[in-house]
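One structure below.
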Amino acid sequence: MMKREQFGANFKWGVTISAFQNEGAASADGKGPSIWDTFTENIEQIKNNDRIGEASQFYTRYEDDIALARQLGLNTFRFSISWSRILPFGIGKINQSGIDYYNRVIDCCLSNGLMPFVTLYHWDLPQALEDKGGWTNRDIVEWFTNYIEICVTNFGKLVTNWIVMNEPMSFTGLGYFMGYHAPQRTGINTFLKAAHHTVLCMALGGAKIRELQPHANIGVALSCSYIQPVNQSPKNRRAAKRIEAMLNRFYLEPLLGLGYPFDVMPALSIIKSFFKDGDKQRMVFDFDFIGIQYYFRVVAKHSLTPPILFAKEIEPTTRKAKLNSMDLDVYPKGLYKLLKFYSRYPQIKELLITESGVCYPDYLVRDHVYDVRRTRYHQKMLKQVLKAQRKGININGYFIWTLVDNFEWREGFEPRFGLVHVDFETQKRTIKHSGRWLNAFLK
Ligand code: BGC
């Protein structure tokens, strides 16, 4: 039987939440609107026409929720800061109530024995900055580093673990290429411009933290997928390599000094039209850790569209796959393969799993949620972590997405990922089977 001790005494056991998905209180105490406040105003864009309302009310219930995390036996708590709570318009006047709020959250983590990991950007760009072009405006480098400076100055006395950015590929791909997420912009040039500025912000943001707090532990959290070609034909194998370059290498390699993955996608070099002199160097930063977030496997095949990629995913619903409630292919064995993939980069010092989770329809029956499938999922994922450690891979943390059920972006409240069930009518919390298992395991 798997035991906690096998992972090492310094292993970080955490949960991850995010400001927009949990806090609610969209305009409380001076907070300005973010692009996700704007997006969710139109409830027709959200699955089941769900209204975000107060989300899972972390803004007012943070003490109870953090106490729950402690009760589960964790030692680490990852949350994100809402930029527009600190700077309602993204730049300019600081909102002291926002600073005070996050200081209370940080204090609360520490008094519960939880090490705070603070994400500086989890997709909720201040609307005022989007009105100026958002991630496609190069000024964002200045806006972002200014915001980081304010955060490190105000929270750096008690926080040393920083995640500069959460899943850049998700918010630029879905928000600036496919138009599926806020701010609903589309097109390859929009995407590449936003992407290049995002890379600069990650590296220069990291450098800003280092300058202000030399002993800080600084990382980024990157989404990744285990990718397989549909068959071994050279055409499909090359297609899988291109998807791999996009999903697993694109946002990592420039940070490590390797540049964008032009090797398998020469046409991607149009991104260079957004470079300024010196950018190659500006894109590089020596991160202390790389956070990886793996939710699903992708099976790839060659395709004539979209340009540059010339590859497509074969929908998991049309092949034999174990699906979660968002119809994504759940494949825990892919985790070891991914850890192995990332361990090949000598520049990476440490790996953490900064998010890992699965959504299934959960049912509350007489105060119990019997989510055994979620329990098994985390057990299987942890076995992959152990296997990687045994092979000498430096992986030192597992953060579960997520603590309590919350607002899953465009999918609304339907997908439930939490270890703790939330009745969104009453906000009542009920620890699920998976939460109870975790607690017993960590004891
Ligand atoms: C994101 C979370 C999201 C989760 C589940 C990650 O991509 O960081 O915000 O809720 O996956 O889909």
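Both ligands and their constituent atoms are indexed starting at 1 by order of listing.
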Sub-4.0 Å atoms of ligand 1 with respect to non-hydrogen atoms of N166: 8 (O)
Pair E23 + R85, salt bridge at N-O below 4.0 Å: yes
Mode of T16 contact toward ligand 1 - side chain, backbone, both, neither (heavy atoms, under 4.0 Å): neither
Check: H122 N/O within less than 3.5 Å of ligand 1 N/O: yes
Ring geometry between F407 and F20 (parallel below 30°, tilted from 30 to 60°, perpendicular above 60°): perpendicular
D329 and its side chain to side chain donor-acceptor pair (under 3.5 Å) partner, picked from K322, K320, R319: R319
Parallel, tilted or perpendicular, as decided by the 30° and 60° cut-offs, for the rings of W437 and F441: parallel
Per-atom contacts of ligand 1 with F417, taking only distances under 4.0 Å to non-hydrogen atoms: 5 (C), 12 (O)
Ionic contact status for D423 with R429, cut-off 4.0 Å: no
Closest to atom 7 (O) of ligand 1 (judged by heavy-atom distance), picking from E167, E408, M326: E167
Heavy-atom nearest neighbour in the protein, as seen from atom 4 (C) of ligand 1, with distance rounded to 0.1 Å: Y295 OH, 3.5 Å
salt_bridge(K432, D362) N-O dist < 4.0 Å: yes
For atom 6 (C) of ligand 1, closest protein heavy-atom neighbour: E355 OE1, 3.0 Å
